[in-house]
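The block underneath contains the structure these notes are about, expressed in structure tokens.
Quick note: numbers below take in every heavy atom, side chains included, and nothing from hydrogens, waters or symmetry partners.
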Amino acid sequence: MTKSFTSHRMLAWAAPVALALTALAPALPAQAAAKPTPTVTAGPVDKDLNGDGVADLVAVGGPGSALDSGVWSALGLKSRKTGVGTGQVQTPATNIGLLGNGVTGNESGADFDGAQVITGRFTGTERQDFLYYYPSGTAAGIGGIIRGAGDGTMPSPYNNQFTIGYESLIDANGNSPLQLANAFQADGVDTGIPDLFGIAGDATNGYRLGYHPNYYAPGLYWGVTDLTNPTPTGGADWQNWTIASTETASGVALFLRNAGTGHLYLWTGVTMVDNGDGTGTLTHTQYQVAANWNTGVAISSLQAADINADGTPDLWAVLPNGTYRAYLISGLSNSGTATVTATRAQRLA
């Protein structure tokens, strides 16, 4: 039976707390302060690490990349004419993960090797924090949150870190997510801390998109609502898709990419509806962004944000060779593909 607790979060509070006490993390605080409704003013709210109204880029280094081990932060550049993001970032980027994840005690950027890092208000404050997650390896299924310093960097992880335990994210068959994305509060339940999207499964039971609700404290996730949505092309091969999310004034947006086919889609106005039977469904408007986007190209980090503050989500892609490129998207259409304008590729460091 699928573990779905979305409509009973308050009743299920006691069980997650007991589990959280066993995690290797500082004691969880009392209920986090409510997060105000995001607004878009001079620039995007999501991914703005230093509060200047422009989205910023985060990438993970380590083996298989041209970046040293750690977490790399590159602040977005504004256009002098328009005052909004251009898609280019300040380089060289800064390795903000040199003190490690606060769990191993190694105080090394190598703590993040093999991890996925996403940003969001994961401690319930106005600042963007860093959620790291290990989809494979010896720490597979485990992750954590490190508070953001508010200037594009991480503070020391000690006393600023919250662990996400293995049991927090597994599905009914014991599978950990292959990847995670920020779901913000797509289910309409305001815990003050974002929920998560994930893709999980196995060859026997199949793969699916899932929704992981937060239980009112940093790092405290418990259970997953299996989502009934097929892939953008109508299939069930969710293991072949990569997801990246952002939030604009019009709501939650989710990019979906199939590297093998080059299909790139965007879901806007994403809302999670609890079906009342242990499953849920994402309601959304679907757009095909491109039919042959970077087909077969390995992308180390795929990050979504409204980079140029035009109300349409865009993408940053970081390649294993350490270069990045922004893809500014416009002209969304229900009858054809969108216009995708790529910026010049540049090295991060």
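To the nearest 0.5 angstrom, Arg208 atom CZ is 10.0 Å from Leu227 atom CG. Put simply, CZ on Arg325 and CD on Gln346 are 10.0 Å apart, with the number rounded to the nearest 0.5 Å. One finds the OG1 atom of Thr86 at 11.5 Å from the NZ atom of Lys78 (value rounded to the nearest 0.5 Å). We find the CG-OG1 distance between Leu328 and Thr343 to be 6.5 Å, quoted to the nearest 0.5 Å. Within the model, atoms NZ of Lys47 and CD of Glu247 stand 9.5 Å from one another, a figure rounded to the nearest 0.5 Å. We find the CG-CD1 distance between Leu131 and Ile118 to be 4.5 Å, quoted to the nearest 0.5 Å.
Checking side-chain atoms of Ser168 against main-chain N and O of Tyr221 turns up a donor-acceptor pair under 3.5 Å. Between the Asn214 side chain and the Pro218 main chain, no donor and acceptor come within less than 3.5 Å of each other. Checked by atom type and distance alone, the side chain of His284 pairs as donor or acceptor with a backbone atom of Leu282 at under 3.5 Å. Side-chain atoms of Gln116 come within 3.5 Å of backbone N or O of Leu180 as a donor-acceptor pair. For Asn175 (side chain) and Asp171 (main-chain N/O), no donor-acceptor pair under 3.5 Å exists by modelled atom type. Formation of a donor-acceptor pair under 3.5 Å by the Asp190 side chain with backbone atoms of Gly192 is found in this model. Looking only at distances, no side-chain donor or acceptor of Gln179 sits under 3.5 Å from a matching main-chain atom of Ala244. Looking at Ser79, its side chain does come within 3.5 Å of a backbone N or O of Lys81 through a donor-acceptor pair.
Residues that satisfy the side-chain contact (heavy atoms from CB on, under 4.5 Å) test with Thr339, not counting sequence neighbours, are Ser330, Thr341. Residues meeting the side chain to side chain donor-acceptor pair (under 3.5 Å) test with Asn292, sequence neighbours left out: Thr295. With sequence neighbours excluded, the residues satisfying ring pair (Phe, Tyr, Trp, His ring centres under 6.0 Å) with Phe197 are Tyr211. The side chain to side chain donor-acceptor pair (under 3.5 Å) test applied to Thr153 returns Asp151, not counting sequence neighbours. With sequence neighbours excluded, no residue satisfies side chain to side chain donor-acceptor pair (under 3.5 Å) with Asn50. Applying the side chain to side chain donor-acceptor pair (under 3.5 Å) criterion to Ser333, with sequence neighbours excluded, gives Ser335.
Using a 4.5 Å cut-off between side-chain heavy atoms of Ile, Leu, Val, Met, Phe, Trp and Tyr, Leu266 falls into a hydrophobic cluster with Phe255, Leu264, Tyr287, Val289, Trp293, Val297, Ile299, Leu302, Leu315, Leu319, Tyr327, Ile329, Leu332, Val340. Cluster partners of Leu98, using a side-chain heavy-atom cutoff of under 4.5 Å among ILVMFWY residues and allowing indirect links: none.
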(message) side chain to side chain contact (heavy atoms under 4.5 Å, CB included), that's the test. Do Asp314 and Asp306 meet it? Break it down for me.
(response) CA-CA 5 Å; Asp314 309 297; Asp306 183 4; 3.7 Å; yes
(message) Checking Ile243 against Trp267 for the side chain to side chain contact (heavy atoms under 4.5 Å, CB included) test, could you report, in this order, the C-alpha distance in whole Å, the side-chain angles of both residues, the deciding distance, and whether it holds?
(response) CA-CA 10 Å; Ile243 54 176; Trp267 291 356; over 6 Å; no
(request) Show your working on side chain to side chain contact (heavy atoms under 4.5 Å, CB included) between Ile193 and Tyr216 and close with a plain yes or no. (result) CA-CA 7 Å; Ile193 296 173; Tyr216 297 89; over 6 Å; no
(message) Walk me through whether Arg147 and Arg127 qualify under side chain to side chain contact (heavy atoms under 4.5 Å, CB included).
(response) CA-CA 8 Å; Arg147 294 184 194 273; Arg127 296 178 178 179; over 6 Å; no
Identify all side-chain donor-acceptor contacts of residues 53-77 below 3.5 Å with residues at least two apart in sequence or on another chain.
{"from": "Asp56", "atom 1": "OD1", "to": "Gly76", "atom 2": "N", "distance (Å)": "2.7"}
{"from": "Asp56", "atom 1": "OD2", "to": "Leu49", "atom 2": "N", "distance (Å)": "2.7"}
{"from": "Ser65", "atom 1": "OG", "to": "Gly62", "atom 2": "N", "distance (Å)": "3.2"}
{"from": "Ser65", "atom 1": "OG", "to": "Gly62", "atom 2": "O", "distance (Å)": "2.8"}
{"from": "Ser65", "atom 1": "OG", "to": "Leu67", "atom 2": "N", "distance (Å)": "3.2"}
{"from": "Ser65", "atom 1": "OG", "to": "Leu67", "atom 2": "O", "distance (Å)": "3.2"}
{"from": "Ser69", "atom 1": "OG", "to": "Asp113", "atom 2": "OD1", "distance (Å)": "2.8"}
{"from": "Ser69", "atom 1": "OG", "to": "Asp113", "atom 2": "OD2", "distance (Å)": "3.4"}
{"from": "Trp72", "atom 1": "NE1", "to": "Asp68", "atom 2": "O", "distance (Å)": "2.9"}
{"from": "Ser73", "atom 1": "OG", "to": "Gly152", "atom 2": "O", "distance (Å)": "2.8"}

Run the side-chain donor-acceptor check on residues 100-107: report pairs under 3.5 Å with partners two or more places apart or on a different chain.
{"from": "Asn101", "atom 1": "OD1", "to": "Val103", "atom 2": "N", "distance (Å)": "2.9"}
{"from": "Asn101", "atom 1": "OD1", "to": "Thr104", "atom 2": "N", "distance (Å)": "3.3"}
{"from": "Asn101", "atom 1": "ND2", "to": "Tyr134", "atom 2": "OH", "distance (Å)": "3.1"}
{"from": "Thr104", "atom 1": "OG1", "to": "Asn106", "atom 2": "N", "distance (Å)": "3.1"}
{"from": "Thr104", "atom 1": "OG1", "to": "Asn106", "atom 2": "ND2", "distance (Å)": "3.2"}
{"from": "Thr104", "atom 1": "OG1", "to": "Asp111", "atom 2": "OD1", "distance (Å)": "2.9"}
{"from": "Thr104", "atom 1": "OG1", "to": "Asp111", "atom 2": "OD2", "distance (Å)": "2.9"}
{"from": "Asn106", "atom 1": "ND2", "to": "Asp111", "atom 2": "OD1", "distance (Å)": "3.4"}

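For the residue pair Ala200 and Pro177, the shortest heavy atom distance occurs at CB-CA, 3.8 Å. Nearest heavy-atom pair, Gly87 versus Ala326, reported as atom, atom and distance to 0.1 Å: O-CB, 3.5 Å. The nearest pair of heavy atoms linking Pro320 to Ala298 is CD-O, 3.3 Å. Closest heavy-atom contact between Arg347 and Asn321: NH2-O, 2.9 Å. In terms of heavy atoms, Leu254 sits closest to Leu256 at O-CD1, 3.4 Å. Taking each heavy atom of Gly311 and Thr248 in turn, the nearest pair found is O-OG1, 4.2 Å.
Transitive grouping of hydrophobic side chains (ILVMFWY, heavy atoms separated by less than 4.5 Å) keeps Leu99 and Ile146 in distinct clusters.
In this structure the side chain of Val89 reaches within 4.5 angstrom of the side chain of Leu348, judged on heavy atoms. Looking at Pro213 and Asp195, their side chains come closer than 4.5 Å, going by heavy atoms from C-beta outward. In this structure, Tyr207 and Leu178 have side chains that are in contact, with non-hydrogen atoms separated by less than 4.5 Å. Between Asn258 and Asp237 the shortest side-chain heavy-atom distance falls below 4.5 Å.
Using a 3.5 Å distance cut-off with no hydrogens or angles, the side chains of Thr163 and Gln161 do pair a donor with an acceptor. Checked by atom type, the side-chain pair Thr281/Asn275 shows a donor-acceptor distance below 3.5 Å.
Residue pairs meeting the ring pair (Phe, Tyr, Trp, His ring centres under 6.0 Å) criterion with at least one partner in residues 84-108, sequence neighbours excluded, are absent. Applying the ring pair (Phe, Tyr, Trp, His ring centres under 6.0 Å) test to every pair with at least one member in residues 78-121, sequence neighbours left out, gives these pairs: Phe112-Tyr132.
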